[in-house]
Protein chains: 2
Amino acid sequence: MANIRDVSKLAGVSVATVSRVLNQNGYVHPDTEQKVLKAINELNYIPNFVARSLSNKKTKTIGLIVPDITNPFFPELARAVEDVMKIYGYTVILCNSDEDEEKEKHYFQILKQKYIDGLILATASMPISDMQAFDVPIVVIDRIVSQGIPTVVAKNKEGARLATRLLLKQGCKKVAHLRGPESVINARERCEGYVDVVREKEWFHPNLIIQGNYEIKKAFHETMKLLTEQPDVDGIFAGNDLMAIGAMKAAQQLKIRIPDELAIIGFDGITLGEMIFPELSTVAQPIYDMGAIGARMLIKLIENSPVDKLYQQLDVQFIERGTTRKVCD
Amino acid sequence: MANIRDVSKLAGVSVATVSRVLNQNGYVHPDTEQKVLKAINELNYIPNFVARSLSNKKTKTIGLIVPDITNPFFPELARAVEDVMKIYGYTVILCNSDEDEEKEKHYFQILKQKYIDGLILATASMPISDMQAFDVPIVVIDRIVSQGIPTVVAKNKEGARLATRLLLKQGCKKVAHLRGPESVINARERCEGYVDVVREKEWFHPNLIIQGNYEIKKAFHETMKLLTEQPDVDGIFAGNDLMAIGAMKAAQQLKIRIPDELAIIGFDGITLGEMIFPELSTVAQPIYDMGAIGARMLIKLIENSPVDKLYQQLDVQFIERGTTRKVCD
DNA sequence: GCGCTTACTGTAACCGGTTACACACCGGAG
DNA sequence: CTCCGGTGTGTAACCGGTTACAGTAAGCGC
């Protein structure tokens, strides 16, 4: 592979001139430029990014840490990030942390060594202090970490209230909540939203809040238990779509008809919700937008452009599909 | 951030010695080593990967090009690749090509500039000549490109035959095939497998082969058309799980009972198949294994270890779930 | 004719590592 | 006592770019 010195020799100029042509900065005589371009073309020269990065301290590479790309929420987010980054000439390194602090630390270390320009986190097992010590721009998506760190989230509590109220409005007499893991902040917020709405109801009891882990399997089992122990539950608000699907499977197994006997609302709006039957009613987060906005925010941070809002809270939207009854109001 | 010269100064040795300690090569006196380690510790020094890459010409980074990470087949593959690469200290750059030749070329160019050590392709819009010109080790997964290029695939034709025979065995009288795009080789193979089995049947007619594009939506519409025009079709072998799901939705819409009136078998074995109701019977490829094996193969190619087989064809396995009738034999 | 600005170009240091080569020391074989 | 191979260490070139700085030439106003 040809390097810049080969080009400069062939063009009969110095490396500085070639570099100027490449980067379009400094003065270069049009004739000289032509000679250089011709040489570049002849040698099929492409500049070496690694060398450039070494003097620049810019790699045009960012890291994206997600818990598990296999979880249907994250591919869409990753896609958004990649799409935006591509536009601006950045490349994305994908990391799966499994919500494991050790793994996250490991990636922090590696990514730092690799001189990434920025980092997008869709996970947050990491202590905040470590994140602040990491002297590379960071944007957190879907998890609030601390006011000091640029963040993109959806209105979790508001969405949860909306869903719960909707279930009541359609006539549900006893609504349960399948909540996400204690350690995840958005799970907490969604649970709070649910509690806000049902707290005063005479039928409400804390045992209507079921502990899930954002995965189908556990949700399935817990829902089986719930529906056998408390058969009068006729509405479930699940903390995410996967758990809602787990709940649906439990109901289907128990021959409970959806939505007639049991209405279910999920949270997230992953495409998977449209692939199942009946299609899942859900509180949709703008997943792609969250990724795209986070990515744009990160680029601004990297390039020192002014960022209008370091804390973006995006609206959620209820999507009525097959697991809820129509309400005519 | 401290660099190697700072360390050498603090330890009172030369940079060469520090480098030798870091890389555990060459002779270093134990006492000297201790001094160096102490200095490294004190300065919190971590070596700069970019600089290392520049002289090494090894970045410990590979590229992974998939059509679209949003397609449920690829996250599992990506996860496998990332898991294996992590073990060996490599990092993965994720690229979405949308099966678009231009985008693929663009990534080839960028990745080359970034000095990646190897490339995994799960897409193949690229002419073979371009791939051979790319002087970096490549492994292709799920798409056969050419005998010259290391490849990991599943036994597509065999799996297709298996599925089609199974449908017949359970008593289907007229089995249609929803095929994938013409341009994708595995779609062709699966179609051939289907034709192998039904060619001789008196009911067979080429209009039982329906053109899909591996996506749900089109499969849904085409199946709607098929089932209304030829209501006697009682079995569908779909070229992938997504299309099978599209077909299921069409049947559900038309109130055709699955599997009693219509049996469906998919291909791939994506986890999505277990999330729907009824769960999808499918010819499962070992997706994770394909990724993992491909990744291991790539590492061997990169590190010049001997590779036993440059062309790995993995077994598929029929998974009987809810969209087929049990056969008692 | 002189000084000053602008256009253009080259030299060489620098980014932060790796490593070929040179050199010095030491113990054992002959 | 000399020679030799194994240890241990430093100097400096190199990877392939960027860029500060210096230098030259031309154009212009006075």
Side-chain angles (χ1 to χ4, degrees), chain A residues 1-37 39-40 43-61 89 109-110 112-117 135-136, chain B residues 1-40 43-61 89 109-117 135-136:
Chain A
M1 278 251 300
N3 64 27
I4 198 170
R5 281 160 240 267
D6 297 334
V7 175
S8 74
K9 239 171 265 169
L10 182 61
V13 298
S14 74
V15 290
T17 302
V18 178
S19 178
R20 286 186 197 110
V21 172
L22 289 171
N23 300 297
Q24 314 257 40
N25 60 16
Y27 294 111
V28 178
H29 191 95
D31 295 352
T32 316
E33 183 170 2
Q34 283 314 308
K35 278 194 295 184
V36 171
L37 291 176
I40 286 175
L43 293 173
N44 234 313
Y45 167 74
I46 48 171
N48 179 327
F49 236 99
V50 176
R52 186 175 279 179
S53 299
L54 184 58
S55 55
N56 269 349
K57 292 160 178 320
K58 297 221 169 303
T59 50
K60 287 279 182 179
T61 300
Q109 157 99 345
I110 300 278
K112 195 170 194 169
Q113 282 193 45
K114 293 214 171 169
Y115 253 56
I116 52 159
D117 294 339
D135 56 353
V136 166
Chain B
M1 280 253 298
N3 64 28
I4 198 170
R5 281 160 238 266
D6 298 332
V7 175
S8 74
K9 239 171 265 169
L10 183 62
V13 299
S14 75
V15 290
T17 302
V18 178
S19 177
R20 286 193 270 260
V21 171
L22 289 172
N23 300 298
Q24 314 256 41
N25 59 18
Y27 294 109
V28 178
H29 191 93
D31 294 353
T32 317
E33 183 170 3
Q34 283 313 309
K35 278 193 296 183
V36 172
L37 290 175
K38 188 157 160 277
I40 286 175
L43 293 173
N44 234 312
Y45 167 75
I46 48 172
N48 179 326
F49 235 99
V50 177
R52 186 174 277 179
S53 299
L54 185 58
S55 55
N56 269 348
K57 293 163 177 317
K58 298 224 169 299
T59 50
K60 286 279 182 179
T61 301
Q109 158 98 346
I110 301 278
L111 293 174
K112 195 169 194 171
Q113 283 192 44
K114 293 214 171 169
Y115 253 54
I116 53 160
D117 295 339
D135 55 353
V136 165

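Here is the naming used below: chain letters follow the sequence lines, and residue numbers restart at 1 for every chain. On a predicted model such as this, the values are computed, not experimentally measured, just so you know.
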Considering only [options], which nucleotide approaches the side chain of [X] most closely?
{"X": "A:Val15", "options": "D:dG16, C:dC8, C:dT11", "answer": "C:dT11"}
{"X": "B:Leu22", "options": "D:dT18, C:dT18, C:dG16", "answer": "C:dT18"}
{"X": "B:Ser19", "options": "C:dG16, D:dG10, C:dT19", "answer": "C:dT19"}
{"X": "B:Tyr45", "options": "C:dT18, C:dG17, D:dG17", "answer": "C:dG17"}
{"X": "B:Leu54", "options": "D:dT18, D:dG16, C:dG10", "answer": "D:dG16"}
{"X": "B:Asn48", "options": "C:dG17, D:dT9, C:dC8", "answer": "C:dG17"}
{"X": "B:Tyr115", "options": "C:dT9, D:dG16, D:dG17", "answer": "D:dG16"}
{"X": "B:Asn25", "options": "C:dT19, C:dT9, D:dG10", "answer": "C:dT19"}
{"X": "B:Ser55", "options": "C:dG10, C:dT18, D:dG16", "answer": "C:dT18"}

At under 4.0 Å, does any side-chain N or O of [X] touch on OP1 or OP2 of [N]?
{"X": "B:Tyr27", "N": "D:dG8", "result": "no"}
{"X": "A:Lys57", "N": "D:dT18", "result": "no"}
{"X": "B:Thr32", "N": "D:dT9", "result": "yes"}

4.5 Å side-chain heavy-atom contact, [X] and [Y]:
{"X": "B:Arg52", "Y": "B:Asn23", "value": "yes"}
{"X": "B:Asn3", "Y": "B:Asn48", "value": "no"}
{"X": "A:Tyr45", "Y": "A:Ile4", "value": "yes"}

Using whole Å, report how far [atom1] of [X] lies from [atom2] of [N].
{"X": "B:Lys60", "N": "C:dT18", "atom1": "NZ", "atom2": "P", "value": "13 Å"}
{"X": "B:Asn23", "N": "C:dG16", "atom1": "CG", "atom2": "P", "value": "17 Å"}
{"X": "B:Gln113", "N": "D:dG17", "atom1": "CD", "atom2": "P", "value": "10 Å"}
{"X": "B:Phe49", "N": "D:dC15", "atom1": "CZ", "atom2": "P", "value": "21 Å"}
{"X": "B:Asn3", "N": "C:dC15", "atom1": "CG", "atom2": "P", "value": "8 Å"}
{"X": "A:Asp6", "N": "D:dG17", "atom1": "CG", "atom2": "C1'", "value": "13 Å"}
{"X": "A:Ile40", "N": "D:dG16", "atom1": "CD1", "atom2": "P", "value": "16 Å"}
{"X": "A:Gln24", "N": "D:dT18", "atom1": "CD", "atom2": "P", "value": "12 Å"}

Does A:Val50 reach a base, just sugar-phosphate, or nothing at all? Heavy atoms under 4.0 Å.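 Nothing, no nucleic acid heavy atom in range.
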
Specify the residue among B:Glu33 and B:Asn56 whose closest nucleotide of DNA chain D lies further upstream toward the 5′ end.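 Here B:Glu33 is the residue nearer the 5' end.
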
Which sits closer to the 5' end of DNA chain D, B:Ala51 or B:Ala16, going by the nucleotide each is nearest to?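 That would be B:Ala16.
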
No-hydrogen, no-angle side-chain donor-acceptor test under 3.5 Å, B:Thr61 and B:Lys114: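 No, because no side-chain N or O of B:Thr61 sits under 3.5 Å from a partner of the opposite role on B:Lys114.
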
Restricting to non-hydrogen atoms, name the atom on B:Ile116 and the atom on B:Thr59 that form the minimum distance, rounded to 0.1 Å.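 So the two residues come closest at CA-OG1, 3.6 Å.
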
Considering non-hydrogen atoms only, spot the tightest contact between B:Val7 and B:Val36 and give its length.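 Looking at all heavy atoms of both residues, the shortest contact is CG1-O, 4.3 Å.
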
Go nucleotide by nucleotide along DNA chain C from the 5' end; which of A:Arg5 and A:Arg20 gets its closest nucleotide reached first?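 Taking each residue's closest nucleotide, the earlier one in sequence belongs to A:Arg20.
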
